[in-house]
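Notes for the one structure printed next.
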Amino acid sequence: MSIASRLKVTTVAAGLAAALAVAPASAKNFKIALGDSGGSSQEVTGLAFVEALEEISGGEHTGTLFLNGQLGSEQDTVNEAAIGTLDMSLLAINNVTPFSPTVGVFSLPYVILSLEDAEKLTQGPIGEQLTENTIEDAGVRFIAWSYTGFRRLTNSKRPVESVADLQGLVIRVPKNEIMIDTYKAWGISPTPMAWSETFAGLQTGVVDGQDNPYTTINAMKFYEVQKYVTNIRYIFSIEPLVISEQVFQELSEEDQNMVLEAGKAATQASADFLRAKEEEIKELLVEKGMVISEPADNEEEFIKLATEAVWPNFYDSIGGIEQMNAVLAEIGRDPVSE
Ligand code: MLT
């Protein structure tokens with residue numbers, strides 16, 4: 001073997017030995033699935049989590065992000081995490097609801113009316129209760145919350161300002177009963193489709209439109225295949241970071257606390273990102289050629305149809321009308337009655 005090759009082998013071997021010496025047996029590199037691509041709120045939250053975890057653990061633990069649905073559709077990742085073959089996933093709450101119906105309260109149309117409402121609900125007793133329910137129902141634990149902003153309607157055909165304008169459009173929705181019923185209340189039958197298939201669906205014209213927040217529309221480059229945006233605010237998108245409960249329970253108590261602390265830092269980073277960047281990203285979409293319309297009459301028709309037809313149908317699945325009223329009370333809103 002030449003001196004150069006020998007030196008190379010020695011250097012690699014020394015590097016490996018050093019790495020093994022500094023990485024204790026308990027060191028973790030969490031595998032984290034993300035449904036969205038780079039530049040998304042999900043990525044901001046994921047990176048902030050990894051950075052905080054490395055700092056809090058003194059470099060012992062880290063995480064690796066797998067963007068853009070590389071590890072499967074968002075709903076698939078819940079199953080993977082539940083059986084412990086995936087450590088963590090960052091996904092929209094509407095894709096958790098099929099596995100844990102009580103979190104559906106966060107996707108009921110026009111319940112959450114601001115980022116502040118979303119922070120209050122996720123970081124207070126309601127968030128704690130939903131975390132417990134989701135561990136029980138779905139085998140995953142919420143450890144951080146991304147706040148992605150209101151889901152805006154986009155389409156490739158025409159400006160939509162009223163419910164009448166929506167008629168005839170083929171709109172993709174997640175496989176989520178609440179969202180399907182909301183579009184039905186607006187008079188159309190939407191097309192349920194996995195998030196990982198949505199860009200292709202829009203590009204090939206299988207569907208005309210979809211809804212997601214400005215930050216997501218931008219990160220996913222939907223401006224390449226969609227022209228019109230309607231500034232509706234029917235769902236404020238909350239996107240939790242979940243950890244497999246099985247993986248969480250295998251951690252020492254000290255490591256569990258580090259993960260939870262890092263989750264809090266990631267939650268804060270997500271809120272900061274939305275506050276600082278959402279308006280800028282909206283302007284960017286206009287620069288990319290998107291046309292943004294305001295819904296007519298302050299969205300009154302959309303609101304009335306959706307809340308009257310959809311809310312009562314889901315009281316049972318979210319835990320009863322008492323739970324609905326507990327959520328409304330938490331954000332200072334009037335209760336509903338049967
Ligand atoms: C969806 O529309 O399925 C999700 O909200 C997409 C996302 O995770 O950003």
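Source: prediction; values computed, not measured. Both counts, for ligands and for their atoms, begin at 1 and track the order of listing.
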inquiry  = Tell me whether Phe314 shares a hydrophobic cluster with Trp311, the cluster being built from Ile, Leu, Val, Met, Phe, Trp, Tyr side chains joined at under 4.5 Å.
reply    = yes

task = Counting heavy atoms only, name the option from Lys175, Gln75, Arg172 that's nearest to atom 2 (O) of ligand 1.
result = Arg172

Salt bridge present between [X] and [Y] (N-O < 4.0 angstrom):
X      : Y      : result
Glu197 : Lys175 : no
Glu177 : Lys184 : no
Lys304 : Glu301 : no

Within reach of ligand 1, part of [X] (heavy-atom separation under 4.0 Å):
X     : result
Asn94 : side chain
Asn95 : side chain
Ala92 : both
Gln42 : side chain

N or O contact, Glu74 vs ligand 1, cut-off under 3.5 Å = yes

key: ligand 1 to Thr216 polar contact by distance, N or O atoms, under 3.5 Å   = no

query = What are the atoms of ligand 1, with element, lying closer than 4.0 Å to any heavy atom of Pro174?
reply = 1 (C), 2 (O), 3 (O)

Interfacing atoms of ligand 1 (cut-off 4.0 Å, heavy-atom, Arg151) = 1 (C), 2 (O), 4 (C), 5 (O)

Looking only at heavy atoms of [X], does any of them come nearer than 4.0 Å to an atom of ligand 1?
X      : result
Asn212 : yes
Gly35  : no
Met220 : no

Is there a donor-acceptor pair closer than 3.5 Å between any side-chain N or O of [X] and the backbone N or O of [Y]?
X      : Y      : value
Glu299 : Arg233 : yes
Trp145 : Glu119 : no
Ser41  : Thr148 : no
Glu308 : Ile303 : no
Thr85  : Glu80  : yes

Atom 7 (C) of ligand 1: nearest protein contact (heavy atom, Å) = Asp36 OD1, 3.3 Å

